[in-house]
Trainee: 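For reference, the structure I am asking about is given below.
In this chain, numbering begins with 1 at the start of the sequence shown. Numbering of ligands and ligand atoms starts at 1, following listing order. Heavy-atom basis, side chains included; hydrogens, waters and symmetry copies ignored.
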Amino acid sequence: MQQNAEIMTPFGIEIDLETGAMPKATNHIKRNASDMRGYYQDADALERLIAAADPLHYEVFEHPVPEVPGHLMYCISKLYPGTVGRECFMTKGHYHTISETAEIYLCLRGEGQMVMKTAAGRFDAKPMRRGMMVYVPPLWAHRSVNTGNEPLVSFCVYPADAGHNYGDIEVEGFPSRVFLIDGEVVIR
Ligand code: PA5
Ligand code: NI
């Protein structure tokens with residue numbers, strides 16, 4: 001058998017399947033409302049939210065592995081509930097830098113949608129709730145959206161060398177947004 005990759009010692013870590021807590025995580029990414037300028041339809045509503053409290057929007061906990069082919073990166077994504085105007089809290093969303101790489105999201109808690117688009121303009125959305133696995137195929141940009149009233153917690157796995165490309169989504173946006181209107185989830 002040919003072996004190019006360095007031999008790594010196997011490991012196991014604990015993940016609380018209810019809260020998403022990963023005590024051994026060493027990378028902690030936090031995005032507050034003020035990190036989300038330009039992403040929501042109602043920019044004034046976002047500014048009001050920032051002025052009032054600039055709430056924590058979402059966090060990602062990672063226990064990194066080498067970012068080289070063959071390894072699998074994994075993390076917990078925790079997106080808090082709330083709305084900007086009537087638009088549900090969401091992640092920035094991204095393509096992978098190596099766009100031909102997929103991702104698995106296993107939802108552990110909460111309710112939401114995974115919205116996805118391709119560069120050619122296809123759009124899809126899949127519901128997320130505890131026990132749902134969403135497969136994001138290669139070439140699909142992806143964003144999670146919290147439509148419930150508790151944190152939307154997912155366990156994500158993707159090729160460790162995939163990388164995150166935010167720039168294209170900043171420019172293109174997604175063709176549809178997710179709103180809560182009179183208690184109903186509306187994607188339009
Ligand atoms: O790799 C992923 O797709 C997730 O871990 C996301 O990075 C996480 O949900 C945060 O979203 P974003 O990277 O779009 O800000
Ligand atoms: Ni991703």
Trainee: Using a strict cut-off of less than 4.0 Å between a Lys/Arg side-chain nitrogen and an Asp/Glu carboxylate oxygen, indicate whether E172 and K117 qualify as a salt bridge.
Mentor: yes

Trainee: Please list the nearest protein heavy atom to atom 7 (O) of ligand 1 with its residue and the distance rounded to 0.1 Å.
Mentor: H164 NE2, 3.4 Å

Trainee: N/O of C156 under 3.5 Å from N/O of ligand 1, yes or no?
Mentor: no

Trainee: Considering both backbone and side-chain atoms of S77, is one of its nitrogen or oxygen atoms within less than 3.5 Å of a nitrogen or oxygen in ligand 1?
Mentor: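 It does: an N or O of S77 is found under 3.5 Å from an N or O of ligand 1.
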
Trainee: Note the single closest protein heavy atom to atom 15 (O) of ligand 1, along with its residue, its atom name and the distance in Å.
Mentor: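 The answer is Y58 OH, 2.5 Å.
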
Trainee: How many protein N, O or S atoms are found at a distance of less than 2.8 Å from the Ni ion (ligand 2)?
Mentor: 4

Trainee: For atom 4 (C) of ligand 1, find the nearest protein heavy atom and state the residue, atom name and distance (0.1 Å precision).
Mentor: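 Looking at atom 4 (C) of ligand 1, the protein heavy atom closest to it is Y105 OH, 3.2 Å.
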
Trainee: Output every pair passing side-chain hydrogen bond (donor to acceptor under 3.5 Å, both in side chains) with a member in residues 106-115, not counting sequence neighbours, ordered by first then second residue.
Mentor: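 The answer is R109-E150.
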
Trainee: Return the residue, atom name and 0.1 Å-rounded distance of the protein heavy atom closest to atom 11 (O) of ligand 1.
Mentor: T91 CB, 3.4 Å

Trainee: At under 4.0 Å between heavy atoms, which part of M73 makes contact with ligand 1: side chain, backbone, both or neither?
Mentor: neither

Trainee: For S144 and ligand 1, does the shortest N/O to N/O distance drop below 3.5 Å?
Mentor: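 No, since none of the N or O atoms of S144 sits under 3.5 Å from an N or O of ligand 1.
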
Trainee: Please determine whether the number of non-hydrogen atoms from other residues, nucleotides or ligands lying under 6.0 Å from atom CZ of R130 exceeds 12.
Mentor: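 More than 12 heavy atoms, drawn from other residues, nucleotides or ligands, come within 6.0 Å of this atom.
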
Trainee: Suppose we measure from atom 2 (C) of ligand 1 to each protein heavy atom; which comes out shortest, and what is that distance?
Mentor: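 Going by distance alone, atom 2 (C) of ligand 1 is nearest to E103 OE2, 2.9 Å.
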
Trainee: Using a strict cut-off of less than 4.0 Å between a Lys/Arg side-chain nitrogen and an Asp/Glu carboxylate oxygen, indicate whether D124 and R122 qualify as a salt bridge.
Mentor: no

Trainee: Please examine the side chains of L180 and R86, heavy atoms only from C-beta on, and report whether any two atoms are closer than 4.5 Å.
Mentor: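 Counting from C-beta outward, R86 and L180 never come under 4.5 Å.
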
